Every structure is written in structure tokens, then in C-alpha cells.
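Data first, discussion second: the structure below is written as C-alpha cells.
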Amino acid sequence: MADIEMEEDHPRLILHNFLTEDECKELEFIHKSCSTIGYRPNVFSTTLSHLIATNSAHLIIPFLPIRDRLKEKVEETFGCEYELVTEFTGLISWSRGASIGWHSDDNRPYLKQRDFTAVCYLNSYGKDFEGGLFHFQDGEPKTIAPMVGDAVIYTADGRNTHSVDEVTSGERLTLTLWFSRDSSHDEDAKLILLLEENVLHKSNNVPWSLLPLPASDNMYWFSPHQASNQDIGFDIRLGRLHALGFDVYYSRDMNFGSDLSELLMEPMQLARRDQLLDHKFVNVLHSLQVAQFYFWEGCKSQAFTNEVQSGKAVRLSRSQSEKITQVGVNRDIMLCVRPVQLGGVFYKISWTAIGIV
């Protein structure tokens, strides 16, 4: 790991190859399986609290050793051993059109507890996305081209005011953490409380299960270009499935009064080209996690081919193909309506234009 020396007036450090490529790919799998609409236009995010809320707490495990290593490195670099708590951990991706102007990470009254920032790059500029360069306003290095596995750590105050250029294509993916000297902002304490509540709820109401439970459908609804009409857009879970080459199929009959948000909570199957996978998923988030797992493991189309050869997939009938079309997905475009009514006007949106493919 090659480190770039830190300036006294602008305390920051660049860590090359801080994460392995395997660690980056695993975090990418988690994000593309579970992300929701983020805090800025054209941004998607996955927080640890969200993983707990959607019954996917087991996916927190890969974060833990990375968080510890980052906190130790920050404490060592800035001379504050055993003083810090992790205030926030999140996966954040920037799709086409996303950017942020000059700011410090403690630039709001409710962010003053943030003392240090760590950003780990999970994919590479020029290969996985274009645009999205990171700039510091003062000091050196002034510009950082994100490269997979690299990390940058810096003080969260005005000494490290920074910006991010607009992403022009692809999806720029980072693991971002903030650290605080104020123990009342310890993220771990809040996560443990959420886990305890989750376990208590399960023990009292439902059988134990690791199958995901989607959040509110509004958290997955993306309106490109900040459309004034929020009815124009698409569900990002369907979008990511489509980007992997999958369509969705529901066996029950649908009509123009069908509620798409309810439909996405129902059991469904995946189709690819003219083949229908035999396996039934409990909801669309479950199917997305499984499909992304295959993609992460490098199986992709070969995994599907194996399913077909073993008799676990069948050729789609004409009526089944029509039902897939009704849900709104085909190979070239996504037909989108606000997830209230399945009927009405459909809007055609190119996936490559959105930037999450």
C-alpha cells in the first residue's frame, strides 16, 4: 500500500490498494442488491440501518473488518488513537448527472460531530464510469481520479473543502465513512438497538427468516432528470434486474387496476430471453439479491444456461410473454409508471441513458 504524504495545513492521506478487488466486488454486490434512492439527485445509497430494516442484516458482516481497519488508520494518521467512533457507514453510487459542489463534510449544524472522513473507491474512473473526479479546493493532491481499492482520508472541516465533478456515464461507487470524537454519535450503538428490535419483532410475530423484506416502494422509485412529474420514472429493482438481462414474470392475472407496488411484494419468477426459470422468489428484492449474487460470482449467463440444461427452466409460452410485457420490461426499454396503477400511460426510458446499467 503506497501512501501519499500528508500536508500539515490540509490534513489528508491517499491510500493505494487499501481494499482488495474481492472486497470491492463484494460491497458492489451488496449495493446493487439492496440500494435505494439516495440523498442527492441521481445518487443511490445503501446504509447499514437500511440492511437491518429490510431483513438483510447478515450483509453487514463484510463491512465490519473494513470499518475497523479504516478507523485504526484514521486514528493512527491523525494522532487520536482510541478516541473515535464510527458515525456513519454507507455505500454511495453516483449515476449519470450526479455531482456536488464545494463543501466540507461538517458544513451543516447537524453535521458538526463529524471530525474525519474516509472514502474508499470500489470501481475505477475511465473503466467503470466517466466524470466523477474528486477535487480538493486547496493543498495537494488537488485532484483524485478514483481507482478501485484506493482510499482517501481527511479532516471533515473547512481545511479539506472538496467537490465531485458530474458523472457523465456509468456508475461511480464508493464506501464512505465518517468518524467522530463524540461517543453519543456512535453508529454501532444505534445499529445494536435496531438489531435488538428486529429480533424481538421476529420472535413475537413471524418465523425466523433471512429472506429480504423490501422497504417502502417510494424508496426505490427513480425519476430521471428530476422530472417535474414524479409519475415518470422506474423502480430501480426492476432496472437492475433488466440491466442483468432478466425480465420478471407473475403467474397471476393482472389488469389495469393492478397496484404495481403490491405486485412487487408478491412471489415471482425471472425470465431471460425466451426461457422462464423454475425457481419462485418471495418478492422482487429477493430475486434481485439472487441475480446479483450470480453476477458477483461471475456465473451470469452460464448460471442460467445450467438451469436450462438441468430442466430448471422452461420456454416461455405466448401468454407468459404477454404477462412479462404487462409488468413493463423488455430487452430494449423500460415502460414506466408511478407504482400506483399498472394501467394508464407508459413512458419509455433508455437504461443506458440512466447510467445504472
Side-chain angles (χ1 to χ4, degrees), residues 1-4 12-35 38 40-46 62-63 66 69-70 89-100 117-136 140-154 162-177 222 224 236 239-246 288 291-303 331-332 349-357:
M1 187 192 309
D3 300 349
I4 296 178
R12 67 185 68 136
L13 190 65
I14 313 302
L15 307 168
H16 293 299
N17 302 311
F18 184 81
L19 298 182
T20 67
E21 187 170 349
D22 286 344
E23 287 175 319
C24 294
K25 286 296 184 183
E26 185 169 19
L27 293 177
E28 181 180 7
F29 150 67
I30 293 171
H31 181 67
K32 290 188 174 181
S33 299
C34 305
S35 61
R40 298 185 63 79
N42 304 306
V43 168
F44 306 97
S45 67
T46 304
F63 291 86
I66 297 173
R69 282 160 46 204
L70 279 168
T89 307
L91 297 169
I92 302 172
S93 66
W94 305 56
S95 66
R96 194 175 100 167
S99 65
I100 188 169
T117 303
V119 178
C120 299
Y121 298 111
L122 306 183
N123 57 5
S124 296
Y125 168 79
K127 177 183 177 183
D128 302 300
F129 60 91
E130 296 291 342
L133 292 175
F134 183 101
H135 302 284
F136 284 110
E140 294 296 334
K142 185 154 285 187
T143 297
I144 298 173
M147 297 300 293
V148 62
D150 287 359
V152 54
I153 59 178
Y154 52 90
H162 56 279
S163 67
V164 177
D165 289 346
E166 180 176 330
V167 175
T168 57
S169 67
E171 188 172 13
R172 177 187 188 270
L173 180 57
T174 64
L175 168 65
T176 301
L177 295 90
F222 178 71
I236 61 173
R240 291 202 186 275
L241 282 169
H242 180 73
L244 295 178
F246 290 105
L288 177 60
Q292 290 288 354
F293 178 81
Y294 276 125
F295 186 80
W296 168 43
E297 289 295 306
C299 298
K300 296 191 286 185
S301 60
Q302 185 59 44
R331 291 294 301 167
D332 301 316
I349 298 175
S350 167
W351 285 114
T352 54
I354 301 303
I356 67 167
V357 174

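No experiment lies behind these values; they were computed from the predicted model shown.
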For residues 125-134, please give each side-chain donor-acceptor pair under 3.5 Å, one per line with the distance, not counting sequence neighbours.
from, atom 1, to, atom 2, distance (Å)
D128, OD2, S124, N, 2.8

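P141 and F136 make their closest contact through O-CD1, 3.4 Å (heavy atoms, listed as atom of the first residue, atom of the second, distance). The minimum heavy-atom distance linking E140 with K142 is given by the pair OE1-N, 3.4 Å. Nearest heavy-atom pair across G38 and S45 is CA-OG, 3.8 Å. When all heavy atoms of N17 and D150 are compared, the pair lying nearest together is N-OD1, 2.9 Å. In terms of heavy-atom proximity, V167 sits nearest to S95 at CB-O, 3.5 Å. When all heavy atoms of S99 and V164 are compared, the pair lying nearest together is CB-O, 3.5 Å.
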Practice problem: Could you please spell out the steps behind the salt bridge (Lys or Arg N to Asp or Glu O under 4.0 Å) verdict for R240 and E171? | Solution: CA-CA 12 Å; R240 291 202 186 275; E171 188 172 13; 2.8 Å; yes
Exercise. Apply side-chain contact (heavy atoms from CB on, under 4.5 Å) to the pair T46 and L27, showing each step before the final yes or no.
Key: CA-CA 10 Å; T46 304; L27 293 177; over 6 Å; no
Exercise. Mind running side-chain contact (heavy atoms from CB on, under 4.5 Å) on V152 and L13 for me, showing each step along the way?
Key: CA-CA 6 Å; V152 54; L13 190 65; over 6 Å; no
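Distance check: C24 SG to L173 CG gives 8.5 Å after rounding to the nearest 0.5 Å. Here the CZ atom belonging to F44 is positioned 7.5 Å from the NE2 atom belonging to H31, to the nearest 0.5 angstrom. Interatomic distance, CZ of F29 versus OH of Y294, reported as 12.0 Å (0.5 Å rounding). Summarising the geometry, atom CG belonging to L241 is positioned 5.0 Å from atom CG belonging to L288; distances are rounded to the nearest 0.5 Å. The OG1 atom of T20 sits 7.5 Å away from the CD1 atom of I66 when rounded to the nearest 0.5 Å. With values rounded to the nearest 0.5 angstrom, D165 atom CG is found 9.0 Å from R172 atom CZ.
Using a 4.0 Å cut-off between charged side-chain N and carboxylate O, E28 and K32 make a salt bridge. In summary, E23 and R69 engage in a salt bridge, as defined by a charged side-chain N under 4.0 Å from a carboxylate O.
L122 places none of its side-chain heavy atoms less than 4.5 Å from the side chain of T174. Taking 4.5 Å as the limit, every side-chain heavy atom of I153 sits out of range of all side-chain heavy atoms of T117. At least one side-chain heavy atom of F63 sits less than 4.5 Å from a side-chain heavy atom of L91. In this structure the side chain of I100 reaches within 4.5 angstrom of the side chain of R40, judged on heavy atoms. Residues I236 and S35 are in side-chain contact: their nearest non-hydrogen atoms beyond the backbone lie under 4.5 Å apart. The shortest side-chain heavy-atom distance between V43 and I92 falls under the 4.5 Å cut-off. Two residues are said to be in side-chain contact when any heavy atoms from C-beta on lie closer than 4.5 Å; L19 and Y121 fail this criterion.
Side chains of T143 and H135: a donor on one and an acceptor on the other come within 3.5 Å.
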